[in-house]
Amino acid sequence: THQQRYYEIRAKKPLCMRKYHHVWENLPAKDADGRTVTYTVREATVPGYVGTVTEIGGITGFLSGGSKINRCGNYGSVSGGHASGSAGGIVGQIVGATTEKLNHMNEGDCLQDFAGPLGKATETEGLKKVAVVGGGVGCAIALPVAQKLHAEGCEVHSVIGFRSKDIVILEDEFRACSSKLKLMTDDGTYGEKGLVTDALDALVAEGNTYDEVITIGPLVMMKFVTMTAKKHNLPCTVSMNPIMVDGTGMCGGCRLTVGGETKFACVDGPDFDGYKVDFDEAISRGAIYKEFERHAYEEACNLFKKEVK
């Protein structure tokens with residue numbers, strides 16, 4: 001028999017207050033080569049949870065539950081993540097109520113829901129030389145793209161930008177997978193002073209040309225990276241992760257206009273042709289809920305102040 005890894009999980013309603021039932025459906029009996037496939041589910045050890053492994057219809061499944069479940073935010077999105085083999089990491093920045101609550105969680109605490117990966121994978125096949133441009137926490141999403149390109153033999157030139165030295169992240173990781181690395185800070189406290197667009201201009205001025213520019217970061221940054229790439233006649237892919245909310249296409253929060261058509265970042269993207277994205281509309285829509293977000297953040301801060309007392 002052939003051991004095959006299968007990742008899609010459908011979670012059904014709780015059997016009771018402390019037990020959740022996970023079901024795998026329509027699993028193929030044979031692989032593409034006609035070999036019989038066996039499936040094994042291994043239950044992860046989670047502090048505060050008590051699980052029971054059971055055999056259901058010849059497929060190993062499990063029931064698990066526990067009382068240490070925290071709902072951290074109302075479908076709050078985490079800014080970025082990266083993975084290596086079976087391990088993954090999450091990088092977040094405290095900007096609102098959800099990330100404030102995450103910041104107060106301790107090792108061993110649990111989240112009620114964690115969904116991902118979402119959308120479509122970044123296309124890297126056939127690229128020989130790429131400029132990867134990340135800004136702020138967007139660097140956490142840009143990193144696995146740069147790593148994958150590097151692993152495929154692509155020459156990677158990375159540009160990462162931050163406001164100041166105290167929020168620089170993942171420098172060593174980018175250096176390890178990049179033929180060239182330019183680190184920029186707005187105030188000049190670390191690396192070179194300037195914007196990521198300055199660095200991209202400089203790389204092109206050195207005689208570099210790229211099969212593609214891939215950029216991930218704040219909307220305004222991606223807008224100007226796209227403009228810079230267009231000035232040099234370079235294809236540009238932007239990752240619209242910043243506007244994603246629930247990740248299913250139901251809330252409409254990540255709706256944007258691409259080439260005159262309505263798209264959803266969490267199901268149609270998050271990667272799009274930067275030339276076709278209506279950034280002004282996306283930036284304007286993103287500002288609609290800022291007042292509500294500010295109030296939610298203040299409430300979260302007040303809540304933790306009361307708990308500390």
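The model shown is predicted, which means the values in this text are computed figures rather than measured ones. As a basis for the values below, the full set of heavy atoms in this structure was taken, side chains included, without hydrogen atoms, waters or symmetry mates.
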For a quick test of reading the model, state the closest non-hydrogen atom pair linking Phe162 to Cys139 and the distance between them. CZ-SG, 3.7 Å
Quick one: CZ on Arg163 to OG1 on Thr185, what's the gap to the nearest 0.5 Å? 11.5 Å
For Glu192, salt bridge (charged side-chain N to carboxylate O under 4.0 Å, His left out) partners two or more places apart: Lys182
Please report the interatomic distance CG(Leu143) to CZ(Phe174), rounded to the nearest 0.5 Å. 5.0 Å
If you measure from NZ on Lys223 to CZ on Phe279, what distance do you get to the nearest 0.5 Å? 9.0 Å
For Leu200 and Ala131, work out which heavy atoms get closest and say how close. CD1-CB, 4.2 Å
For Asn208, the side-chain contact (heavy atoms from CB on, under 4.5 Å) test, sequence neighbours excluded, returns Lys129, His157, Lys180, Leu203, Glu206, Tyr210
Step by step, work out the side chain to side chain donor-acceptor pair (under 3.5 Å) result for Asp271 and Thr122. CA-CA 7 Å; Asp271 294 348; Thr122 299; 2.7 Å; yes
Dump the intermediate steps for side chain to side chain contact (heavy atoms under 4.5 Å, CB included) on Ile243 and Leu256, then the final yes or no. CA-CA 9 Å; Ile243 66 173; Leu256 74 158; 4.2 Å; yes
Please walk me through it: do Asp273 and Val277 pass side chain to side chain contact (heavy atoms under 4.5 Å, CB included)? CA-CA 7 Å; Asp273 182 342; Val277 173; over 6 Å; no
For Tyr275, does the OH atom sit with more than 12 other heavy atoms under 6.0 Å from it, leaving out its own atoms? yes
Glu281 side chain to Thr257 backbone, donor-acceptor under 3.5 Å: yes
Beyond-backbone contact of Met222 with Pro242, side-chain heavy atoms, under 4.5 angstrom: yes
With heavy-atom distances below 4.5 Å as the criterion, would you say the side chains of Thr215 and Thr237 are in contact? no
From Ile216 atom CD1 to Ile160 atom CD1, the distance as rounded to the nearest 0.5 Å: 12.5 Å
Are Val159 and Leu219 co-members of a hydrophobic cluster defined by side-chain heavy atoms under 4.5 Å apart? yes
Same cluster for Ile141 and Val220 if Ile/Leu/Val/Met/Phe/Trp/Tyr side chains link at under 4.5 Å? no
Within the distance-only criterion (no hydrogens, no angle test), does the side chain of Thr189 pair as donor or acceptor with the backbone N or O of Lys165 below 3.5 angstrom? yes
Which heavy atom in Met244 sits nearest to a heavy atom in Pro270, and how many Å separate them? SD-CB, 4.0 Å
Determine whether Leu234 and Leu127 fall in the same hydrophobic cluster, where Ile, Leu, Val, Met, Phe, Trp and Tyr are linked whenever their side-chain heavy atoms lie under 4.5 Å apart. no
Keeping the roles fixed (side chain from Arg285, backbone from Arg255), state whether a donor-acceptor pair exists under 3.5 Å. yes
Polar side-chain atom of Asp198 near backbone of Leu195 as donor-acceptor pair, under 3.5 Å: yes
Mind checking salt bridge (charged side-chain N to carboxylate O under 4.0 Å, His left out) for Asp201 and listing every partner two or more places apart, or none if nothing turns up? Lys231
Single-linkage hydrophobic cluster, 4.5 Å side-chain cutoff, Val196 and Ile167 together: no
Within this structure, what is the OG1-CE distance for the pair Thr228 and Met221, rounded to the nearest 0.5 Å? 10.0 Å
Side chain to side chain contact (heavy atoms under 4.5 Å, CB included) between Val132 and Val156: does it pass, once the steps are laid out? CA-CA 7 Å; Val132 176; Val156 179; 4.1 Å; yes
Pairing residues for His150 by the ring pair (Phe, Tyr, Trp, His ring centres under 6.0 Å) criterion, not counting sequence neighbours: none
Checking Ser284 now: which residues fulfil side-chain contact (heavy atoms from CB on, under 4.5 Å) with it, not counting sequence neighbours? none
Minimum-distance pair of heavy atoms, taken over all atoms of Ala140 and Leu170: CA-CD1, 3.6 Å
Report, as yes or no, whether the 6.0 Å neighbourhood of atom CD on Glu152 holds more than 12 heavy atoms from other residues, nucleotides or ligands. yes
Do side-chain atoms of Asp211 reach the backbone of Lys128 as a donor and acceptor pair under 3.5 angstrom? yes
Rounding to 0.5 Å, atoms CD (Glu212) and SG (Cys154) come to a distance of 9.5 Å
Determine the minimum heavy-atom distance between Val137 and Ile169, stating which atoms define it. CA-CD1, 4.3 Å
Establish whether Met240 and Val133 are linked, either directly or via other cluster members, by ILVMFWY side-chain heavy-atom contacts under 4.5 Å. yes
Side-chain heavy atoms of Val213 within contact of Val225, under 4.5 Å: yes
Using a strict threshold of under 4.0 Å (side-chain N to carboxylate O), is an ion pair present between Arg175 and Glu173? no
Partner residues of Lys193 under the side-chain contact (heavy atoms from CB on, under 4.5 Å) criterion, sequence neighbours left out: none
Leu183 and Val168: CA distance, side-chain angles, deciding distance, side chain to side chain contact (heavy atoms under 4.5 Å, CB included) verdict: CA-CA 9 Å; Leu183 193 157; Val168 172; 3.9 Å; yes
Minimum heavy-atom separation for Gly194 and Met184, please, with both atom names. O-CB, 3.6 Å
